[in-house]
Protein chains: 2
Amino acid sequence: MSRQAQSQHESSEAGADQRSPVALLGTFIAARGLKHSRQRDVIVETFFEIGGHVPVEALVARVHERDRRISVATVYRTMKLLAECGLALPRQFGDGQTRYEPATAGAHHHDHLICTGCGAIVEFENEDIEDLQLRVARSHGFEVESHKLELYGRCAACRARGEGRS
Amino acid sequence: MSRQAQSQHESSEAGADQRSPVALLGTFIAARGLKHSRQRDVIVETFFEIGGHVPVEALVARVHERDRRISVATVYRTMKLLAECGLALPRQFGDGQTRYEPATAGAHHHDHLICTGCGAIVEFENEDIEDLQLRVARSHGFEVESHKLELYGRCAACRARGEGRS
DNA sequence: ATCCATGCAAACGCTTTGCACCAGG
DNA sequence: CCTGGTGCAAAGCGTTTGCATGGAT
């Protein structure tokens, strides 16, 4: 909605900020004097392949499909690195486990709809709500730095499936 | 909401839903065939004395000021019981620990402003935001069951204290 | 007498960390 | 080579649970 189209052709092949995540990470790593490794590649590729809001546990499982010997610790360390690089966003929903969501270059802040039936997570963005948030905060003397909004409910599919809730 | 006033005179002296939390818990306990105990009284009294959004750890500390021998397990069990009774609401902010907030009888749903400077937690309620939430959800085929909205920022006091953020 | 509640400590799930070894620059 | 990365296992943290004991009804 508020994302203005910058140029039309860049989407054709690569686009300045459309380099592969692995490549982007490479840049960050180089800039920080860190090192490159095979397991990081695997983890990062797998993470962006999944694309969604991945619990670390699930990511580990997927990574192990490619290389059984990559350790959980390395996955955690790599995800933390990705988060520091701004390539992944850690999310804390109520269930005690950290999920990571890919942070694509031009992406805006958004919030989440979470289906209590099937666990589906849908992203949305709403400027009106954000405006109201700022206003409410200001009326309490707060200056908002960030926020978290999660709506829990049943998605269309789940409602269709079991009309009279379980 | 679904609790209808059963008798009328009980409200005369104490107020139907204004009875002390310990007394209210007593009623629930009796109704469920559970038992009363000294440590529950201490925990519940302490909890409502604090009144805010208490991390369990802090509650335990306070409880221990009164009786060192009450165990952590009992505090957790009691808070879970209070939550089931509807007298306390468990809250999960992002910091990995559960906080409980007293649920007074007529209280509405509300959301939270959390100061990233001093940790202060302010409650607010905003119908417009809630309306918009419902609308957004519906536009995605969701039927909202509950939601969580947290605004993180700096409160007036903290901003006054250190204008140029640390 | 009967259950429930308690305390203790062990177990838990998720995440982090210490350490010795391995590997990229 | 030197520094950072890895695997493993242990530790950490908040929370829960099994079990024997103690207390309320």
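Every chain is numbered from 1 and lettered A, B, ... according to where its sequence line falls, protein lines coming before strand lines. Please read all numbers here as calculations on a predicted model, not as lab measurements.
Rounded to an integer number of Å, the gap from CD of B:Gln97 to P of C:dG13 is 21 Å. Here the P atom of nucleotide C:dA5 and the CD atom of B:Glu84 are 11 Å apart, to the nearest Å. For A:Phe93 and C:dG13, the CZ to C1' distance is 19 Å, given to the nearest whole Å. Between the CD1 atom of B:Ile29 and the C1' atom of C:dT6 there is a distance of 14 Å, rounded to whole Å. A straight line from CZ of B:Arg91 to P of D:dT15 spans 16 Å, rounded to a whole angstrom. Rounding to whole angstrom units, CZ of residue A:Arg69 and C1' of C:dC22 are separated by 13 Å. For the pair A:Arg77 CZ and C:dT17 P, the interatomic distance rounds to 10 Å; values are reported in whole Å. B:Lys35 places its NZ atom 15 Å from the P atom of D:dG22, with the value rounded to the nearest Å.
Distances were taken from every side-chain heavy atom of B:Thr74 (C-beta onward) to each of D:dT25, D:dA9, C:dG7; the shortest belongs to C:dG7. The nucleotide whose nearest atom lies closest to any side-chain atom of A:Ser71 is, among D:dT15, D:dG7, C:dT16, D:dG7. The listed nucleotides are D:dC8, D:dG23, C:dA9; the one nearest the side chain of A:Ala73 is D:dC8.
Using a 4.0 Å cut-off between charged side-chain N and carboxylate O, B:Arg154 and A:Glu143 make no salt bridge. In summary, A:Arg32 and A:Glu84 engage in a salt bridge, as defined by a charged side-chain N under 4.0 Å from a carboxylate O. A salt bridge does not link B:Lys148 with B:Asp111: every distance from a Lys NZ or Arg NE/NH1/NH2 to an Asp or Glu carboxylate oxygen is 4.0 Å or more.
Comparing B:Val75 and A:Leu34 by the nucleotide of DNA chain C that holds the closest heavy atom to each, the one mapping nearer the 5' end is B:Val75.
For B:Thr98, no side-chain nitrogen or oxygen approaches OP1 or OP2 of D:dG14 to under 4.0 Å. Listed pair A:Tyr76 / C:dT15 meets the phosphate criterion, a side-chain N or O lying under 4.0 Å from OP1 or OP2. Dashed line: the shortest gap from a side-chain N or O of B:Lys80 to OP1 or OP2 of D:dT16 is under 4.0 Å.
If you check the side chains of B:Glu145 and A:Thr116, you find a donor sitting under 3.5 Å from an acceptor. Side-chain contact annotation: A:Thr78 with A:Gln39, donor-acceptor N/O pair under 3.5 Å absent.
The aromatic ring centres of B:His108 and B:His110 sit 6.0 Å or more apart. Annotation: B:Phe93 is in aromatic contact with B:His112 [ring centroid separation under 6.0 Å].
A:Arg32 contributes no side-chain N or O that forms a donor-acceptor pair with the base of D:dG4 under 3.5 Å.
Heavy-atom distances under 4.0 Å link DNA chain D to A:Ser37, A:Gln39, A:Arg40 of residues 36-57 of chain A, given in residue order.
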